[in-house]
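What's counted below: heavy atoms across the whole structure, side chains too, no hydrogens, waters or symmetry copies.
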Amino acid sequence: MKQRNCFINKSKLSLSTQLYTLILTIVSISFIGSQIINVTTTRDYLNQQLQSHAQDTATSLGLSISPYMDKDNIVIAETMISAIFDSGYYQSIILTDLADSVIFSAYNDDYVEGVPSHFMNTNTLAAPIVFSEINDGWDIVATLSVQANTGVSYAKLWQQTRDHFFLSLIISFISLLLAHYIIKAVLAPLARLEQQANLVCQKQFPLIDNTAFTREISSVTTAMNNMVTNIQANFDELNQHAEKLCRQIYIDPLTELGNRKAFDKHFSHLQHTMSHDDQYIIGMVLLPSLNTINAQSGYHAGDEYIKRAVAVIQAIFKPIMITRLFRSHGGSLLFTIKSSDVGSIDICHQLNTQFAMLNSLAYSDGFANVIATSFTQREKLANLLAKLDTLHTQEVSSNKQGIIYTDRTNSPDFGFQQWSHVIDTLVANNEVELVCQPTVMCDANTPLYHEIFSQFLFEKIHLPNSQLFAMAERLNKSEALDKIVLLKLAQLNLTDRFDVIGINLTNQSLHCLEFRDWLTNFYAQNREKLPHLVFEVNEDAVLSSIESSSAFITFVNSLGIKVCIDHFGSSFTSFKYLKGLNIQYLKIDGSYIRHLDVEPENNTFIQAITHIAHSVGIKVLAAHIESESIFNLIKALNCDAAQGIYIHQQFELAKSSHAMTYATIEESMQP
């Protein structure tokens with residue numbers, strides 16, 4: 001199943017911007033066109049008025065002064081002409097005789113007060129000179145020429161243009177304001193649709209109120225709500241199916257603990273994450289009175305007995321985050337504790353003490369027995385369980401009170417103070433080496449990203465990571481180790497060799513607000529030196545606080561950093577929490593992958609994971625690919641990418657001269 005990235009191209013213009021631009025363009029064109037038409041129309045009208053007014057004046061004035069053209073009365077004619085001219089509406093009035101000699105002339109200057117010269121130069125008014133013949137009886141004795149004064153017309157044209165400009169401006173503003181509210185009302189449902197689409201990409205499925213008054217948008221809203229409802233129903237159905245499979249295969253229905261299959265996978269996961277120096281304690285709690293209670297009081301009483309024992313154990317284990325409890329079968333419970341925890345042996349003694357306090361006549365063979373022994377990376381589970389059975393037999397034969405046996409060897413090399421000093425030294429000296437392993441796309445054999453693994457050195461000796469990070473978590477110093485890795489990565493400046501780098505983050509960094517502030521500053525200062533980043537976070541760390549994890553994932557997504565949940569499936573929990581997390585990748589825990597060819601129930605489980613993840617746009621990665629047959633199986637199960645020694649061995653990051661290419665990956669995968 002191919003997946004598409006779900007993102008918004010911010011470089012493209014939004015619909016609101018396009019609509020506002022269109023409306024502004026239309027209003028601007030209308031406004032400018034209106035101004036041009038108004039000025040042109042008014043100017044043409046005034047030009048006509050100038051000619052008509054001058055012609056009327058010349059004709060009427062000529063008739064008026066005709067009786068006074070003799071020498072004795074010419075003064076009267078001049079007086080009449082002056083009276084008309086003094087009104088200010090004329091540029092010039094000239095009276096000439098038949099020989100073109102000027103009898104009388106009057107002129108006004110061209111200055112027009114209050115009208116800008118650039119306006120007059122742009123909108124020129126034409127005032128033609130008109131003529132009227134003066135008759136004395138039947139004889140023509142003179143010619144009267146009249147030219148209207150354009151100053152008054154320019155003033156009228158300027159005033160008309162200003163009035164029309166401001167009126168048009170007010171109308172345009174009101175139109176834009178109305179358009180703004182209309183567009184806002186139309187686009188508001190679209191904004192909600194966009195937000196809904198983005199939330200679906202972030203694995204959330206909200207429905208929105210269909211309040212759109214536009215028929216087309218209302219139809220789209222209804223369609224989107226139906227689609228989201230269907231997606232959520234499909235997701236919930238897949239989740240219920242996967243959860244049902246998980247419970248059937250890995251969960252004990254009585255105690256809600258992992259069963260023997262779950263313990264086998266947990267143990268396999270532990271051994272593959274341990275270094276050769278690490279030690280854990282494996283313990284067995286046996287309920288010796290279970291068969292008697294079942295026979296005498298019924299199976300319901302036996303179930304209550306088992307649940308009471310589980311409650312006691314969980315209450316004692318609660319302070320220790322790295323302790324896991326499983327029900328193997330019947331009255332047999334299994335647990336693991338990291339032996340580098342200085343209180344691990346004391347925990348076993350607390351269990352024994354608590355069980356001894358619960359001994360009574362109701363439990364004829366004792367309430368419970370505790371047997372524990374240490375183990376390393378090299379020991380097999382079958383041998384350890386056989387050893388626990390032998391130890392239990394020895395203890396029961398010698399003492400009926402459930403005395404604990406612990407194989408207390410290889411005590412921790414450092415105490416708390418020493419570990420604190422070691423971690424502070426690592427931070428101060430930046431003593432870390434980085435190795436790398438590619439995660440490769442199954443369908444193209446090209447890198448999806450390269451995962452970084454850190455190796456810390458103290459006095460030139462490599463420290464076991466599992467022990468180091470376990471103590472760093474207890475000392476609240478694991479965040480500092482994550483910072484060292486990021487700073488080291490920035491120093492190496494790998495942008496020319498790697499497109500994307502994956503980095504494992506600890507529980508503390510995932511939930512620490514101070515780390516987010518530090519990361520913001522670090523990323524701003526070193527963005528150019530860093531490839532694109534993927535943060536891998538452990539599933540247990542995510543489940544410890546879904547709300548905090550969601551906030552962190554949203555934060556790093558805003559920086560352009562993607563997120564992968566590592567060891568997915570190791571907690572045997574519900575998959576519902578994926579719905580609220582905007583992650584990009586899931587990496588299936590290696591315990592499901594390593595024996596995929598001989599454990600067919602894993603195929604069904606992985607297939608359920610891929611269906612759920614792909615339904616919400618998450619790529620599924622498979623780790624610990626150690627053979628061609630396993631690689632072919634995970635491809636058939638629609639996993640998107642693979643990682644493991646079959647794909648490519650780890651290599652030192654500082655010594656790599658180039659990024660992984662198609663050719664080198666192909667070569668590394670040859671049998």
Practice task
Could you walk me through whether I583 and V537 pass side-chain contact (heavy atoms from CB on, under 4.5 Å), step by step?
Solution key: CA-CA 10 Å; I583 61 171; V537 292; over 6 Å; no
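- In this structure the side chain of T229 never reaches within 4.5 angstrom of the side chain of F205, judged on heavy atoms.
- Contact annotation: the side chain of L333 approaches that of L325 to within less than 4.5 Å [non-hydrogen atoms, C-beta and beyond].
- Counting only distance, with no hydrogens or angles, the side chain of Q584 and the backbone of N582 share a donor-acceptor pair below 3.5 Å.
- The one candidate from Q643, H648, E451 that meets the side chain to side chain contact (heavy atoms under 4.5 Å, CB included) condition with P438 is H648.
- Geometric assessment of K265 against the ring of Y592 yields a positive cation-pi assignment under the 6.0 Å and 45° thresholds.
- The aromatic rings of F651 and F498 lie parallel to each other, with less than 30° between the two planes, well short of the 60° mark.
- Heavy-atom contacts from other residues, nucleotides or ligands closer than 6.0 Å to CG of D209 number 12 or fewer.
- Crowding of Q650 atom CD: a count of heavy atoms from other residues, nucleotides or ligands under 6.0 Å exceeding 12.
- Ring planes of F555 and F552: tilted class, angle from 30 to 60°.
- Looking at H450 and D499, their side chains never bring a donor and an acceptor atom within 3.5 Å of each other.
- Contact annotation: the side chain of L637 never approaches that of I609 to less than 4.5 Å [non-hydrogen atoms, C-beta and beyond].
- L290 and G330 get closest at one heavy-atom pair: CD2-C, 3.7 Å.
- For the atom pair CG of L487 and CZ of F522, the computed distance is 5.5 Å after rounding to the nearest 0.5 Å.
- D589 pairs in a side chain to side chain donor-acceptor pair (under 3.5 Å) with only one of the listed residues (H567, H272, H624), which is H567.
- In this structure, the side chains of K587 and I565 stay at 4.5 Å or more apart for every pair of heavy atoms.
- The distance from the NZ atom of K261 to the CG atom of D252 is 14.0 Å, given to the nearest 0.5 Å.
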Problem - Residue pair V500, L448: steps toward the side-chain contact (heavy atoms from CB on, under 4.5 Å) verdict - result: CA-CA 7 Å; V500 188; L448 179 64; over 6 Å; no
Exercise for the section: Kindly indicate, with the supporting measurements, whether the criterion side chain to side chain donor-acceptor pair (under 3.5 Å) is fulfilled by S268 and S591. Expected result: CA-CA 6 Å; S268 175; S591 60; 5.8 Å; no
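- Within a 6.0 Å radius of NZ in K184, other residues, nucleotides and ligands contribute 12 heavy atoms or fewer.
- With salt bridges taken as basic N to acidic carboxylate O contacts below 4.0 Å, one links K483 and E514.
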Practice task
Check the pair N538, N507 against side-chain contact (heavy atoms from CB on, under 4.5 Å), reporting the backbone distance first and the verdict last.
Solution key: CA-CA 8 Å; N538 197 296; N507 189 335; over 6 Å; no
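- Judged by distance alone, the side chains of T17 and S14 do bring a donor and an acceptor atom under 3.5 Å apart.
- For S550 (side chain) and E547 (main-chain N/O), no donor-acceptor pair under 3.5 Å exists by modelled atom type.
- A donor-acceptor contact shorter than 3.5 Å links the side chain of N259 to the backbone of A262.
- Note: E256 CD to R247 CZ = 4.0 Å, rounded to the nearest 0.5 Å.
- Considering F326, Y280, F335, Y250 in turn, F326 is the only one that fulfils the ring pair (Phe, Tyr, Trp, His ring centres under 6.0 Å) rule with H266.
- Inspection of the E536 and Y449 side chains reveals an N or O donor paired with an N or O acceptor under 3.5 Å.
- Taking both residues in full, the closest heavy atoms of Q508 and E479 are given as OE1-N, 3.4 Å, listed atom of the first, atom of the second, then distance.
- Closest non-hydrogen pair, D597 versus R594, comes out as OD1-O, 4.3 Å.
- Inter-residue side-chain proximity for I561 and V534 is flagged as unmet; no heavy-atom pair is nearer than 4.5 Å.
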Problem - Stepwise side-chain contact (heavy atoms from CB on, under 4.5 Å) test for T221 and I217 - result: CA-CA 6 Å; T221 302; I217 297 179; 4.0 Å; yes
Exercise for the section: Please report the C-alpha distance between T554 and N557 in whole Å, then the side-chain angles of each, then the deciding distance to 0.1 Å, and finally whether the side chain to side chain donor-acceptor pair (under 3.5 Å) criterion is met. Expected result: CA-CA 5 Å; T554 301; N557 284 166; 5.8 Å; no
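- Side-chain contact of H511 with S548: a donor-acceptor pair under 3.5 Å is present, judged by distance alone.
- Taken to the nearest 0.5 Å, the CD atom of E539 stands 11.0 Å off from the CD1 atom of I588.
- Under 3.5 Å, the side chains of S509 and D482 contain a donor-acceptor pair of N or O atoms.
- For the pair D640/H614, a side-chain contact is recorded, criterion being any heavy-atom separation below 4.5 Å from C-beta on.
- Here the closest non-hydrogen pair linking S627 and S629 is OG-OG, 3.1 Å.
- Taking CE of M224 as the reference point, atom CD1 of I208 lies at 7.0 Å (rounded to 0.5 Å).
- Smallest separation of non-hydrogen atoms from A472 and L481: CB-CD1, 3.8 Å.
- Side chains of V620 and C639 form a contact here, defined as non-hydrogen atoms less than 4.5 Å apart.
- For N638 (side chain) and Q607 (main-chain N/O), no donor-acceptor pair under 3.5 Å exists by modelled atom type.
- Residues I251 and L257 are not in side-chain contact: their nearest non-hydrogen atoms beyond the backbone lie 4.5 Å or more apart.
- In terms of heavy atoms, Q649 sits closest to I645 at OE1-CG2, 3.7 Å.
- For the pair D264 and R260, the salt-bridge criterion is met [side-chain N within less than 4.0 Å of a carboxylate O].
- Between atom CG of residue L586 and atom CZ of residue F568 there is a gap of 5.0 Å, rounded to the nearest 0.5 Å.
- Results of the side chain to side chain contact (heavy atoms under 4.5 Å, CB included) test with I625 over L633, I593, V440 single out I593 as the only residue that passes.
- Judged by distance alone, with hydrogens and angles left aside, the side-chain atoms of N234 form no donor-acceptor pair with the main-chain N or O of N230 at under 3.5 Å.
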